[in-house]
Number of protein chains: 2
Amino acid sequence: MIETLLLRLRLRDDVSEEEEAALRGVLTSTQDYPARVRIVRRGEPLERSILLLNGMMCRCKNLRNGQRQITALHVPGDFLDLHGFTLKRLDHDVMSLGASRVAFAPHDRLIKLTEDHPHLMRLLWMTTNMDAAMHREWELSLGQRSGAVRAAHLFCELHAREEVVHKNIGHTLKLPMTQAELGECLGLTVVHTNRVLKELREAGLASFTRGDLVIHDIQRLRDFADFDPAYLYLDKRPR
Amino acid sequence: MIETLLLRLRLRDDVSEEEEAALRGVLTSTQDYPARVRIVRRGEPLERSILLLNGMMCRCKNLRNGQRQITALHVPGDFLDLHGFTLKRLDHDVMSLGASRVAFAPHDRLIKLTEDHPHLMRLLWMTTNMDAAMHREWELSLGQRSGAVRAAHLFCELHAREEVVHKNIGHTLKLPMTQAELGECLGLTVVHTNRVLKELREAGLASFTRGDLVIHDIQRLRDFADFDPAYLYLDKRPR
DNA sequence: CGCTCAGTTGACCGAATTCAATGCCAGTGG
DNA sequence: CCACTGGCATTGAATTCGGTCAACTGAGCG
């Protein structure tokens, strides 16, 4: 159930058997959600955090006029709103993109965890800091990269994040979202997102069709996007 | 020395005398830096984190072609690179904007703190999560707001962050940066930043000249920027 | 079959960039 | 005291990237 999370924590540091047991002990029930439902509403008081087990979710922020920005995408093994453990409410919504399964981590159990397992707590803290690192990379994309490069860069990011979990993912990725939603990640309108995807397709870099991303040439895509995975912190060190 | 940090932590939760003492005990020496020097280089291994006592600093990311994006601005009381405590290196540079003074928090002392003072640690964790919340708001700005609104929103943010520390800040703020650097925060070129500032000035909202920001009408500026300070988490709750 | 939703394309428009020139200091050295 | 310099701010003109509006296609479905 938490295998993906553990795998990803162990990429960055050792996790003892005891810590693993403690982490399992934090989780209570699981729940399934269909695609496109809001899981957490901005501002509502939180008493638990949510671990994504399966599927894909996003965090999004709204402008009063209805414009939306997706600020983060989440894959299995991500704690969707672990930052809510210390913040107690969120500044954004959390919604499912594809059908998803989650597990709940009540905050009182997490508090106990911080008291009994400081090292494990630092690792969880680290995961929220890695989320922030992705936010920063997205800021760089939104502020400085062109639409096409931005899209290519996002594809590289998702590929790299997937690759650490499933070594041989080949060249295809499931992205259960519409072009409109992809545009909300990239800060582009649907129309322009469509043109940018066409450009990447015709350049032989990547094709995105109905929730399936096919990467034709990952190396050329990375070159095109000027992609450096350092910000994903894939190295193992004592923390 | 850490009064500003304490004040801002106590805005969000109680901090006991004992925790205050522990926090003071974490800090070692202080150091002064002139304006415009790089304090931390991306990628370099970190063994301490840095608390900003005075002045202003920023975090910035570079593209290979020299384009830069400033991803965060820091005011006194901010831990510049507390995320480096768990990440062990940064994905960005940290540099001073104006002349600044900092204090150092060695990571081994912070580890001790996580073991002895879990509640205080959760508060420090919270501060890194508040940084991430600002990143998200900047993503929203960069992705969805127009140049002028983006600038106005940033001014509102800085005003609000300053206000919690100095209740009667009036209508003027020190921002020791050039228009070029402001543009790097906003994802705009110098030229367009200049035009946007002119627009805000002529609309009677705010004037930015040589490091001084004068806000003519904070309420109208907030309306113009559609500013909602919720993402700054200025409410007090047990965490 | 007709509905809706996602994707696609064209024509046009506007915000922001690029390129280039000019103005405005503050500092410095003759 | 003034000329010179360099960094920053300002403005204009031309250009481009991305947005807006609108029409059309095609797939899925009741």
Cut-off 3.5 Å, no hydrogens considered: what does the side-chain donor-acceptor table look like for residues 185-198 of chain B, sequence neighbours left out?
| from | atom 1 | to | atom 2 | distance (Å) |
| --- | --- | --- | --- | --- |
| B/Thr189 | OG1 | B/His192 | N | 3.3 |
| B/Thr193 | OG1 | B/Thr189 | O | 2.7 |
| B/Asn194 | ND2 | B/Gln179 | OE1 | 3.0 |

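- In this structure, the side chain to side chain contact (heavy atoms under 4.5 Å, CB included) partners of A/Ser100, at least two apart in sequence or on a different chain, are A/Leu52, A/Met57, A/Ser96.
- To the nearest 0.5 Å, atom OG1 of residue B/Thr127 and atom CG of residue B/Leu5 are 7.5 Å apart.
- Note on B/Lys198: a side-chain N or O is less than 4.0 Å away from OP1 or OP2 of D/dT11.
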Would you list the atom pairs, donor with acceptor, under 3.5 Å between side chains in residues 203-212 of chain B and any protein atom, with sequence neighbours excluded?
| from | atom 1 | to | atom 2 | distance (Å) |
| --- | --- | --- | --- | --- |
| B/Ser207 | OG | B/His216 | NE2 | 3.0 |
| B/Asp212 | OD1 | B/Lys174 | NZ | 2.8 |

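- Side-chain N or O atoms of A/Ser49 include one that pairs as donor or acceptor with a backbone N or O of A/Asp81 at under 3.5 Å.
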Restricting both atoms to N or O, compile the protein contacts to nucleotides 27-30 of chain D shorter than 3.5 Å, with distance only.
none

Write out a two-atom table: protein N or O, nucleotide N or O from nucleotides 16-21 of chain C, distance below 3.5 Å.
| from | atom 1 | to | atom 2 | distance (Å) |
| --- | --- | --- | --- | --- |
| C/dA16 | OP1 | B/Gly147 | N | 2.9 |
| C/dA16 | OP2 | B/His192 | NE2 | 3.2 |
| C/dA16 | O5' | B/His192 | NE2 | 3.4 |
| C/dT17 | OP1 | B/Thr189 | N | 3.4 |
| C/dT17 | OP2 | B/Thr189 | N | 3.3 |
| C/dT17 | OP2 | B/Thr189 | OG1 | 3.0 |
| C/dT18 | O4 | B/Arg195 | NH2 | 3.1 |

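- Applying the salt bridge (Lys or Arg N to Asp or Glu O under 4.0 Å) test to pairs two or more places apart or on separate chains, those with a residue in residues 48-76 of chain A are A/Arg59-A/Asp131, A/Lys61-A/Asp91, A/Lys61-B/Glu137, A/Arg64-B/Asp226, A/Arg68-A/Glu184.
- D/dC17 atom P lies 18 Å from atom CG of A/Leu142, rounded to whole Å.
- Inspection of the B/Asp217 and B/Gln219 side chains reveals no N or O donor paired with an N or O acceptor under 3.5 Å.
- Put simply, the side chain of A/Ile215 does not reach to within 4.5 Å of the side chain of A/Thr172, judged on heavy atoms.
- One can place CZ of B/Arg36 at 19 Å from P of D/dG6, the figure rounded to the nearest angstrom.
- At whole-Å resolution of the value, CD in B/Gln179 and P in C/dC24 are 15 Å apart.
- As a whole-Å value, the separation of B/Glu181 CD from D/dG7 C1' is 12 Å.
- We find that CG of A/Asp212 is positioned 15 Å from C1' of C/dG7, with the value rounded to whole Å.
- No donor-acceptor contact under 3.5 angstrom links the side chains of A/Glu139 and A/His135, judged on distance only.
- D/dT11 atom C1' lies 12 Å from atom CZ of B/Arg201, rounded to whole Å.
- Protein atom CG of B/Asn194 is 17 Å distant from nucleotide atom P of C/dA15, rounded to whole Å.
- We find that CG of B/Leu182 is positioned 20 Å from P of D/dG7, with the value rounded to whole Å.
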